[in-house]
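Right, one structure below, let's go through it.
In this text, all values refer to a predicted model and were calculated from it rather than measured experimentally.
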Amino acid sequence: MQGMNMVSIIILYAVIIGAFYFIAIRPQKKKEKEHQALVSAVAVGDSILTTSGFYGVVIDMTDDVVIVEFGSNKNCRIPMQKAAIVEVDKAGE
């Protein structure tokens with residue numbers, strides 16, 4: 001009787017952990033992968049939206065930093081991390 005109770009508790013914990021994986025961890029990893037693909041597709045001339053809500057145009061880039069030009073006066077150029085990019089509009093589209 002005691003052994004049967006222990007097995008059912010272990011099975012219950014396994015089901016809870018499995019459900020947590022499919023509800024929380026798996027979708028988060030999928031979002032991270034999609035964001036990484038978005039960031040790696042950024043090129044010079046693309047219009048972007050940043051995490052802070054600013055729209056700008058990429059004018060130069062290195063491995064993990066992009067230089068973004070904000071506004072129409074062409075004087076506001078700010079280096080920022082690629083991870084801060086939320087949305088990309090390709091230059092040719």
Side-chain angles (χ1 to χ4, degrees):
M1 191 76 162
Q2 193 72 315
M4 189 70 142
N5 206 6
M6 190 66 139
V7 170
S8 63
I9 291 173
I10 291 172
I11 291 173
L12 180 64
Y13 278 126
V15 168
I16 291 171
I17 291 170
F20 182 75
Y21 173 77
F22 281 105
I23 291 172
I25 297 172
R26 192 167 178 228
Q28 182 64 28
K29 286 187 178 185
K30 185 178 178 183
K31 281 184 182 180
E32 286 176 15
K33 193 178 284 188
E34 289 172 355
H35 184 260
Q36 188 63 34
L38 174 87
V39 168
S40 65
V42 172
V44 173
D46 290 347
S47 296
I48 63 166
L49 172 65
T50 66
T51 54
S52 54
F54 293 112
Y55 289 94
V57 177
V58 176
I59 59 171
D60 194 15
M61 54 193 299
T62 62
D63 289 338
D64 59 344
V65 175
V66 292
I67 298 177
V68 182
E69 188 172 74
F70 297 99
S72 59
N73 63 2
K74 310 292 185 201
N75 291 331
C76 185
R77 296 178 175 184
I78 299 174
M80 58 187 299
Q81 292 182 340
K82 283 185 178 180
I85 297 172
V86 176
E87 190 176 299
V88 177
D89 289 331
K90 290 305 221 178
E93 294 179 3

- When rounded to the nearest 0.5 angstrom, what distance separates CZ in F70 from CE in M80? 5.0 Å

- Query: Is a donor on one side and an acceptor on the other found under 3.5 Å between the side chain of K82 and the backbone of S40?
  - Reply: no

- Going hydrophobic residue to hydrophobic residue with side-chain gaps under 4.5 angstrom, can you get from I78 over to I48? yes

- Mind listing the closest non-hydrogen atom pair of V65 and P79 along with its distance? CG1-CB, 4.0 Å

- Could you state the interatomic distance from CD1 (I17) to CG (L12), rounded to the nearest 0.5 Å? 10.0 Å

- Message: Please say yes or no: joined through hydrophobic side-chain contacts below 4.5 Å, possibly via intermediate residues, are V42 and I67 part of one cluster?
- Response: no

- Query: Are I25 and F22 linked, directly or through other ILVMFWY residues, by side chains that come within less than 4.5 angstrom of each other?
  - Reply: yes

- Would you say V58 and V86 are hydrophobically clustered, going by side-chain heavy atoms of ILVMFWY under 4.5 Å? no

- Item | From NZ (K33) to CD (Q36), nearest 0.5 Å | 11.0 Å

- Going from CD1 on I11 to CD1 on I16, what distance comes out if it is rounded to the nearest 0.5 angstrom? 12.5 Å

- Look up atom CD in E34 and atom NZ in K30, then write down how far apart they are to the nearest 0.5 Å. 5.5 Å

- Closest non-hydrogen atoms of D46 and A41, given as atom of the first, atom of the second and distance, are OD2-O, 3.9 Å

- Message: Let's go through D64 and Q81 carefully: what are the C-alpha distance in whole Å and the side-chain angles of both, what is the deciding distance for side chain to side chain contact (heavy atoms under 4.5 Å, CB included) to 0.1 Å, and is it a yes or a no?
- Response: CA-CA 6 Å; D64 59 344; Q81 292 182 340; 5.8 Å; no

- Hphob cluster co-occupancy, L49 + L38, side-chain heavy atoms under 4.5 angstrom: no

- If every non-hydrogen atom of M61 is compared with every non-hydrogen atom of V66, which pair is closest and at what distance? CB-CG1, 3.8 Å

